[in-house]
J.: 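Dumping the structure here so I can ask a few things about it.
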Amino acid sequence: MENIDFQDRNSDLLARDQDHGDDPISARDSDLYRGEYVQTFVEKWDELIDWDARAESEGRFFIDVLKARGKTKILDVACGTGFHSVQLMRAGFDVTSVDGSAAMLAKAFENAKNRHMILRTCHADWRFLNRDLHGKFDAIICLGNSFTHLHKECDRRRALAEFYAALKHDGMLILDQRNYDAILDNGYSTKHKYYYCGDKVTAEPEYVDEGLARFRYAFPDKSEYQLNMFPLRKNYMRRLLSEAGFQHVRTFGDFQETYQEEEPDFFIHVAEKT
Ligand code: SAM
């Protein structure tokens, strides 16, 4: 497990601009995220998610779900800039923070440090999680619409198998996703109430088909970034979780247990091994 200063690491890669090639909508690879979270985009991520607004909209949802089942040792596998790792540490959980992007991990470490916390970090790709990280966890969280970065089904299955293996025998995985069914079937609309809460930033799809959701993130300083993601349908994701071995999968819509299918912006799957 690493706990290091990432500042200089991969500095060439991180300093680069995003590059989706000549035909951006054909860029559909699970390794894309490495070149998408460039340093300048990472620096802006907290403007996009707005920690205070997000903390207010999520409330105690994740804390309550984890506490209700007595989970204490948590692995945040997509820590990004550290929002959930910090929230959970504050609430008394023992947290380890993973991300495949060195720039994100460095930012998470800095964000936690500014809040007088030392993050336990590990730079790892989900597909090789147990090669780079040791130990078993009570729960894994994979939040902020992160799993959507895996473009190939074999990578999705592999990542879920790695998550499953990193959990104790009665472990739990909490994984969320955008409501892509609504986007694919009815077009895009959002109340922007949850998750990406910064009100001066726009996050909208610029191209969508069954195999790609390409989103544009536009910031007040006129800078723009794109993410090419795989549009996970809700029932497909639930099936993948079951087929990975999770016995019980409950799906919430914008933190509610009952909802109209097209209503929520996000779905949250709570998958349990036993
Ligand atoms: N959870 C954070 C949040 O909610 O703000 C970050 C969400 S961001 C949309 C997705 C994160 O997943 C990025 O930090 C990215 O580096 C990470 N990621 C994507 N694919 C990954 C992979 N295969 N292995 C490890 N991390 C990955």
Side-chain angles (χ1 to χ4, degrees), residues 2 6 9-10 13-14 18 28-39 41-55 57-58 61-62 74-88 95-112 119 121-133 140-163 166 173-178 180 194-198 201 203 213-217 225-232 265-266 268:
E2 309 172 79
F6 293 93
R9 201 155 166 200
N10 295 340
L13 176 70
L14 301 177
Q18 281 189 325
R28 301 172 183 218
D29 192 272
S30 301
D31 288 323
L32 269 183
Y33 78 97
R34 299 179 200 275
E36 290 182 322
Y37 291 107
V38 292
Q39 190 75 52
F41 189 25
V42 168
E43 288 301 329
K44 292 200 144 35
W45 190 257
D46 292 331
E47 247 179 87
L48 176 66
I49 63 173
D50 187 336
W51 284 39
D52 293 339
R54 193 174 184 185
S57 77
E58 287 188 6
F61 181 86
F62 297 112
I74 316 297
L75 182 67
D76 179 0
V77 283
C79 76
T81 56
F83 174 77
H84 286 108
S85 291
V86 165
Q87 300 296 112
L88 293 183
V95 181
T96 300
S97 310
V98 165
D99 205 285
S101 157
M104 281 294 201
L105 267 186
K107 188 70 190 172
F109 191 82
E110 181 190 318
N111 276 335
L119 221 59
T121 56
C122 174
H123 185 206
D125 187 287
W126 306 325
R127 292 163 290 174
F128 308 98
L129 187 67
N130 296 284
R131 183 192 67 187
D132 298 331
L133 176 85
I140 291 180
I141 57 169
C142 182
L143 300 176
N145 197 34
S146 295
F147 201 71
T148 184
H149 281 292
L150 295 172
H151 285 264
K152 294 200 181 78
E153 180 164 309
C154 59
D155 291 326
R156 291 189 277 274
R157 289 190 187 278
R158 179 159 182 181
L160 289 179
E162 292 286 320
F163 295 169
L173 168 65
I174 310 179
L175 185 152
D176 71 2
Q177 59 163 110
R178 261 189 202 281
Y180 285 116
Y194 300 103
Y195 288 82
Y196 300 131
C197 299
V201 185
R214 179 170 164 84
F215 269 64
R216 177 178 48 239
Y217 302 85
Y225 298 87
Q226 273 86 9
L227 293 177
N228 279 14
M229 300 173 285
F230 179 81
L232 295 160
D265 276 348
F266 277 77
I268 300 144

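Sequential numbering from 1 along the given sequence is applied to the chain's residues. Whatever order the structure lists ligands and atoms in, that order sets their numbers, starting from 1.
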J.: Need the ligand 1 atom indices (1-based, order shown) with element for anything under 4.0 Å from a heavy-atom of Ile49.
T.: 5 (O)
J.: side-chain contact (heavy atoms from CB on, under 4.5 Å) with Cys79: which of Val98, Asn111, Leu143, Leu105?
T.: Leu105
J.: Looking at Glu43 and Lys107, is there a salt bridge between them, counting it only when a charged N and a carboxylate O are closer than 4.0 Å?
T.: yes
J.: Going by the closest heavy atom to atom 1 (N) of ligand 1, which one wins out of Gly144, Gly80, Ala78?
T.: Ala78
J.: Is there at least one pair of N or O atoms, one from Asp99 and one from ligand 1, spaced under 3.5 Å apart?
T.: yes
J.: Return a yes/no value for Asp125: is any of its N or O atoms, backbone included, closer than 3.5 angstrom to an N or O of ligand 1?
T.: yes
J.: Nearest 0.5 angstrom please: Asn145 CG to Asp265 CG, how far?
T.: 10.5 Å
J.: Considering the options Ile141, Ile268, Ile74, which one meets the side-chain contact (heavy atoms from CB on, under 4.5 Å) requirement together with Phe62?
T.: Ile268
J.: Relative to ligand 1, is Leu143 under 4.0 angstrom through side chain, backbone, both or neither, heavy atoms considered?
T.: backbone
J.: Heavy-atom contacts under 4.0 Å between Arg54 and ligand 1: side chain, backbone, both, or neither?
T.: side chain
J.: Could you check whether any side-chain heavy atom of Asp31 comes within less than 4.5 Å of a side-chain heavy atom of His151, counting everything from C-beta outward?
T.: no
J.: Report the distance from atom OG1 of Thr96 to atom CD1 of Ile140, rounding to the nearest 0.5 Å.
T.: 10.5 Å
J.: Is the closest heavy atom of Ala124 to ligand 1 under 4.0 Å?
T.: yes
J.: Are Arg158 and Trp126 close enough that some pair of their side-chain heavy atoms sits under 4.5 Å apart?
T.: no
J.: Output yes when the distance from some N or O of ligand 1 to some N or O of His84 is under 3.5 Å, and no in every other case.
T.: no
J.: Return the CZ to CG distance between Phe230 and Leu232, rounded to the nearest 0.5 Å.
T.: 6.0 Å
J.: For ligand 1, which atoms have a heavy atom of Gly100 less than 4.0 angstrom away?
T.: 25 (C), 26 (N)
J.: Taking the non-hydrogen atoms of Phe147, is any one of them nearer than 4.0 angstrom to ligand 1?
T.: no
J.: Quick one: look at Tyr37 and ligand 1, take heavy-atom pairs under 4.0 Å, and tell me if it's side chain, backbone, both or neither.
T.: side chain
J.: Hey, are the side chains of Ser97 and Asp99 touching, using non-hydrogen atoms and a 4.5 Å cut-off?
T.: no
J.: Which atoms of ligand 1 are found less than 4.0 Å from any heavy atom of Ser101?
T.: 16 (O)
J.: Please classify the Phe83 to ligand 1 contact at 4.0 Å (heavy-atom distances, strictly less than): side chain, backbone, both or neither.
T.: neither
